[in-house]
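What you see is a predicted model; the values in this text were computed from it and never measured.
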Amino acid sequence: FTGLFAGTTFYGQVKARSRLGIETGYADLGELVRDVLPPRTSLAAGSPSFGAKPIHVTSATPLRLAAIDDRSAAGDGLGRGVAATFVAVDSDAVKLYTGSFKLVEEGTHTVRFFSVDVLSATEAVHTARLAVDLTAPRVRLEALGSSATAGATLYVAAASSLAVVTEDPVVNGAASGLAGVELSVDGSTAPSSAPFRLEPGTHTLAFGAFDNLGNGRGALSTATVGVDAMAPRTEVTFSTPHHVAGLTFVSSATAIALAAFDDLAQAGDGRGSGASETLVAVDTGAFVVSALSLQFSSEGVHALSWLSRDRVGNTELARSTQAAVDLTPPVTELAISTPQVHREGGLVVGPETVFALSAADPVSSNVAAGVKDTALAVSTTVFGLYTGSFTLPGADGGRIIQFFSLDNVLNAEAIKSTTVLMDATAPRTELVLTAGSTHTAASGVYVSSSTLLRFDAVDPTIAEVAAGVAFTRYSDNGGAFQ
């Protein structure tokens, strides 16, 4: 029979009548209700999932369809029952839904689904947008302020801050968004929501980020961070030659070396970020970046100032010293005592003649480093150290005396040379008797009162040297020489 109105409850009874007109009693049919609504199908995403329109899921998220059949009012759940549910993903053909399924390809997807009840009432197709996110957020440690990287260590200045910077990348249109940041400093959990500072020293940081689906959770990166709170220490050394006597005396050959050492948290630890540059100022000049070795070329007293800067900008307080640059060699003089005599061949001296050297370092441009040594060579090319006055032993002949002096910064005087003639042979004197009478006996020579006595002296020439006879003296009967 027909004519039942939707949404109205009817109660039915039925009886039978034969062709002979015999009727049975009424039999109760109970309620008669018309099922006019199709099923309602919903999509539910398991864990992990996040959001709606689209629903963000991973390739591990189970997706389930649930269908309920209504009868006459949405939500009454009184329909005759669901016969089947159908589903299609993206451009795939519609197929019978048999149980939970997953989406494995990263990106956005469209899921279409509907159900049919046992009376063939067909639900309108539903469409749901889903996004499969398989990519963890990107994360990096960023220094806010002065910083430098050396090897595997990130160095920052004490005033610099650090921040964990994150980004959830969109891959094929899918990104569930950042959910949280993980940070530990030296093994202890630390707040990560804002830039932070660390105490001077070396620290180990572990950091990471995860999105709303948990991608990236527990996957931590590590970094070694050195907080450099110390300025460099620059040491100045003077190479040979140099001499310290109140001032530091140097020559143009002296290399002045500057070595910068950088500390991290304590003086002397040597673990800083490293010196990036050393600046030097000479006299009243400006500070300029310098090589680590320099020399002076102009004589006089010079002021040398220096400072170094490390890789994170810590700058040393300027320090200074003075260097007295001596470019002038000493002057050496030779003094020759008596006996000596000038002859046509040169200056003739004897074994008792004393030779003495005296050296002085002249003051030039208000600088004199002082005499260090005097060297001497007599008739040889091998110089020895002059230690005091001397005489010239040996046989007659010429002598070449060479000498020079060094000052305390090794400025060397040009070699000076003097030639002298050594006369080590005494004159020969003879007594000559003339006039009057003479008699020679075993006991001596006898002369008369009229006999004349004369002394003849000659200085023999040996090796072309003879000083000549200076005087002749005699003594009578043991008296004084006259």
Contact summary for [X] and [Y], nearest pair of heavy atoms:
X: S59; Y: K102; answer: O-CD, 3.5 Å
X: L264; Y: G201; answer: CD2-C, 3.6 Å
X: T254; Y: S239; answer: CG2-O, 3.3 Å
X: A318; Y: F287; answer: CB-CZ, 3.9 Å
X: H56; Y: A175; answer: NE2-O, 3.2 Å
X: F210; Y: V181; answer: CE2-N, 4.2 Å

Checking [X] side chain against [Y] main chain: does a donor-acceptor pair fall under 3.5 Å?
X: T278; Y: S290; answer: no
X: N366; Y: V301; answer: no
X: E106; Y: V171; answer: no
X: D283; Y: G285; answer: no
X: N411; Y: P329; answer: no
X: D211; Y: S176; answer: no
X: S320; Y: S305; answer: no
X: R197; Y: A159; answer: yes
X: S365; Y: G300; answer: no
X: S379; Y: R399; answer: no

| task | With side-chain contact (heavy atoms from CB on, under 4.5 Å) as the test, would you mind laying out the steps for L376 and I401 before giving the verdict? | result | CA-CA 7 Å; L376 171 68; I401 302 173; 3.8 Å; yes

Does atom [atom1] of [X] have more than 12 heavy-atom neighbours from other groups under 6.0 Å away?
X: Q266; atom1: CD; value: no
X: E199; atom1: CD; value: no
X: E352; atom1: CD; value: no
X: R343; atom1: CZ; value: yes
X: E105; atom1: CD; value: no
X: D92; atom1: CG; value: yes
X: K372; atom1: NZ; value: no

Side chain proximity check, [X] to [Y], heavy atoms < 4.5 angstrom:
X: T353; Y: S337; result: yes
X: W306; Y: R319; result: yes
X: D459; Y: D423; result: yes
X: D133; Y: N212; result: no
X: F355; Y: V378; result: no
X: L304; Y: V280; result: yes
X: L433; Y: L453; result: yes
X: L154; Y: L205; result: no

| query | Pick one: which of L213, N172, V57, T61 meets side-chain contact (heavy atoms from CB on, under 4.5 Å) with V132? | reply |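 Only match with V132 under side-chain contact (heavy atoms from CB on, under 4.5 Å): V57.
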
| query | Passes side-chain hydrogen bond (donor to acceptor under 3.5 Å, both in side chains), S100 versus R64? Steps please. | reply | CA-CA 5 Å; S100 64; R64 297 181 177 86; 4.7 Å; no

| field | Pair T429-T472, side-chain hydrogen bond (donor to acceptor under 3.5 Å, both in side chains): steps then yes or no | value | CA-CA 8 Å; T429 306; T472 301; 4.7 Å; no

What's the spacing between [X] [atom1] and [Y] [atom2] if we round to 0.5 Å?
X: S273; Y: D310; atom1: OG; atom2: CG; result: 3.5 Å
X: L294; Y: L258; atom1: CG; atom2: CG; result: 6.0 Å
X: D326; Y: D407; atom1: CG; atom2: CG; result: 4.5 Å
X: E464; Y: L421; atom1: CD; atom2: CG; result: 9.5 Å
X: L307; Y: R233; atom1: CG; atom2: CZ; result: 15.5 Å
X: E430; Y: D456; atom1: CD; atom2: CG; result: 7.0 Å

| task | State whether a side-chain donor-acceptor pair under 3.5 Å links T434 with R454. | result | no

| request: Assess the side chains of T234 and S308: does a donor N or O sit below 3.5 Å from an acceptor N or O? | output: yes

| field | Step-by-step side-chain contact (heavy atoms from CB on, under 4.5 Å) determination, V367 to V325 | value | CA-CA 7 Å; V367 173; V325 183; over 6 Å; no

| In terms of the angle between their ring planes, are F390 and Y386 parallel, tilted or perpendicular, with boundaries placed at 30° and 60°? | perpendicular

| task | For residues Y474 and F455, establish whether the separation of their ring centroids is below 6.0 Å. | result | yes

| Yes or no on side-chain contact (heavy atoms from CB on, under 4.5 Å) for E142 and R140, after CA distance, side-chain angles and deciding distance? | CA-CA 6 Å; E142 184 174 286; R140 71 181 189 277; 2.8 Å; yes

